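Because the structure is a prediction, the values reported are computed rather than measured. Chain naming here is simple, since letters A, B, ... match the order of the sequence lines and numbering starts at 1 in each.
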Protein chains: 2
Amino acid sequence: MPRTTQTDLAVLAALSVTPMTGYALREAILDHLGAFWSESFGQIYPALSRLREAGYVEAFDGERTGSSTYRLTASGRTQLVDLMREAPVRTPPRNGMLLRLFFGDVLGARACRELVAEYRDLATRQLAELAEARRATEADDAGTSQRPYQLMTISAGEHSARAALAWADETLASLDALVAAGR
Amino acid sequence: MPRTTQTDLAVLAALSVTPMTGYALREAILDHLGAFWSESFGQIYPALSRLREAGYVEAFDGERTGSSTYRLTASGRTQLVDLMREAPVRTPPRNGMLLRLFFGDVLGARACRELVAEYRDLATRQLAELAEARRATEADDAGTSQRPYQLMTISAGEHSARAALAWADETLASLDALVAAGR
DNA sequence: ATCACCATGTAACTCGTTACATGATTCC
DNA sequence: GGAATCATGTAACGAGTTACATGGTGAT
């Protein structure tokens with residue numbers, strides 16, 4: 001089994017939709033995949049060099065001097081499908097908020113309340129962003145074959161954010177009860 | 001702002017409950033925090049050395065030769081509280097399943113269905129584990145001051161897993177419709 | 001004795017971020 | 001001409017995993 005870079009997969013997948021510069025790639029990933037994926041420049045540029053050497057993408061001069069736009073090659077598309085078929089890599093969980101809450105008696109109910117309240121805000125913001133993304137996706141006439149899949153990922157975010165919200169409300173109530181009961 | 005290791009926080013927090021060996025530490029983290037935290041030996045042992053040099057933990061000989069049990073010192077408890085008060089580190093999201101689903105037309109509806117079905121299974125397993133954890137926590141008479149907090153983290157897992165389950169069911173139906181409509 | 005488990009530790013490797021350096025273009 | 005934005009790239013750093021090496025203990 002050869003090496004598999006998660007970044008390669010994301011980059012090839014994004015380029016399969018439309019050719020882009022490295023800079024635009026990052027923006028596209030942030031805009032469209034931001035809820036469940038992220039890449040930084042420090043990953044994207046080395047990845048593009050690697051993929052070009054492997055023949056999976058090719059660069060052609062962009063509109064500006066000193067910028068190049070990348071497009072997927074035929075072998076790049078094959079590689080993309082291969083990478084997609086590999087089992088997703090599970091990132092080991094690391095939720096700093098829940099870690100702190102688990103040991104909440106060290107921190108005190110008041111401080112925990114703040115942690116959870118912040119988490120609730122985050123979920124609210126995510127819901128708003130997802131609503132916007134849903135509207136944009138449903139309005140977009142191009143790429144109708146991609147739309148149902150994109151809506152599924154948006155729905156995943158919505159389910160998750162609503163669950164976070166419900167949990168936060170329930171937990172804030174419990175924490176308030178703890179505070180009222182003399183910490 | 002000095003360095004902050006996530007691992008230090010987890011280790012100090014776990015040792016605040018009861019003294020342990022490095023090996024037991026890993027088991028405890030896996031058992032009790034597994035749903036939202038993870039540490040490997042490669043992190044734990046160096047962390048223990050570091051923390052001992054800093055005076056945050058001290059080792060005393062364990063029951064076996066060649067094993068030492070670590071306990072939190074007074075300054076370690078102070079440090080623990082300080083670390084807890086720091087804002088949780090946000091891990092950038094990386095969900096390989098959703099990445100693949102977003103570009104689902106590259107992969108095809110059938111393969112996507114399998115991805116989602118696996119995800120559903122995972123959520124089901126998590127729910128079972130959480131039910132067990134809830135029972136164990138509610139039955140445990142020791143450390144009653146920690147119990148409400150532990151139940152909150154269990155509830156977080158339950159909300160999240162139930163949301164994953166609901167989404168998966170909804171999405172499997174959509175994918176079936178796509179397959180039926182001629183892929 | 002041998003197997004399973006307890007226990008410790010390190011080295012190699014991958015991944016990923018942040019900060020920095022650099023420069024072009026566009027808009028005002 | 002100055003600011004914001006587009007664009008590329010690298011170096012330093014931190015975090016984390018896996019695999020390996022090593023040995024003690026307890027039960028059968």
Could you go through B:Phe102 and A:Trp37, starting from their C-alpha distance and side-chain angles, then the distance that decides it, and tell me whether this counts as ring pair (Phe, Tyr, Trp, His ring centres under 6.0 Å)?
CA-CA 11 Å; B:Phe102 188 90; A:Trp37 203 263; over 10 Å; no
For nucleotides 3-9 of chain D, read 5' to 3', which letter fits each nucleotide if B means a protein heavy atom sits under 4.0 Å from the base, S means only the sugar-phosphate is that close, and - means neither?
---BBBB
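One interatomic measurement links the two molecules: CZ of A:Arg94 to P of C:dC15, which rounds to 18 Å at whole-angstrom precision. A:Gln6 has its CD atom 16 Å from the P atom of D:dG16, to the nearest Å. One interatomic measurement links the two molecules: CZ of B:Arg26 to C1' of D:dG16, which rounds to 13 Å at whole-angstrom precision. Between the P atom of C:dT14 and the CG atom of A:Asp8 lies a distance of 13 Å, rounded to the nearest Å. Look at CD1 on B:Ile44: it is 14 Å from P on C:dT10, rounded to the nearest Å. Atom CD1 in B:Ile29 sits roughly 13 Å away from atom C1' in D:dG16 (whole-Å rounding).
In this structure, B:Arg52 forms no cation-pi arrangement with B:Tyr70, as its terminal cationic atom is not both closer than 6.0 Å to the ring centre and no more than 45° off the ring axis.
B:Glu114 CD: 12 or fewer foreign heavy atoms inside a 6.0 Å radius.
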Secondary structure of DNA chain D per the Watson-Crick/G-U criterion (both distances under 3.5 Å; [ ] crossing, | other strand, . unpaired) is ||||||||||||||||||||||||||||
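With C:dC15, D:dG16, C:dT17 as the candidates, the nucleotide lying closest to the side chain of B:Gln43 is D:dG16. Which of D:dT18, C:dT10, C:dT17 sits closest to the side chain of B:Pro46 comes down to C:dT10.
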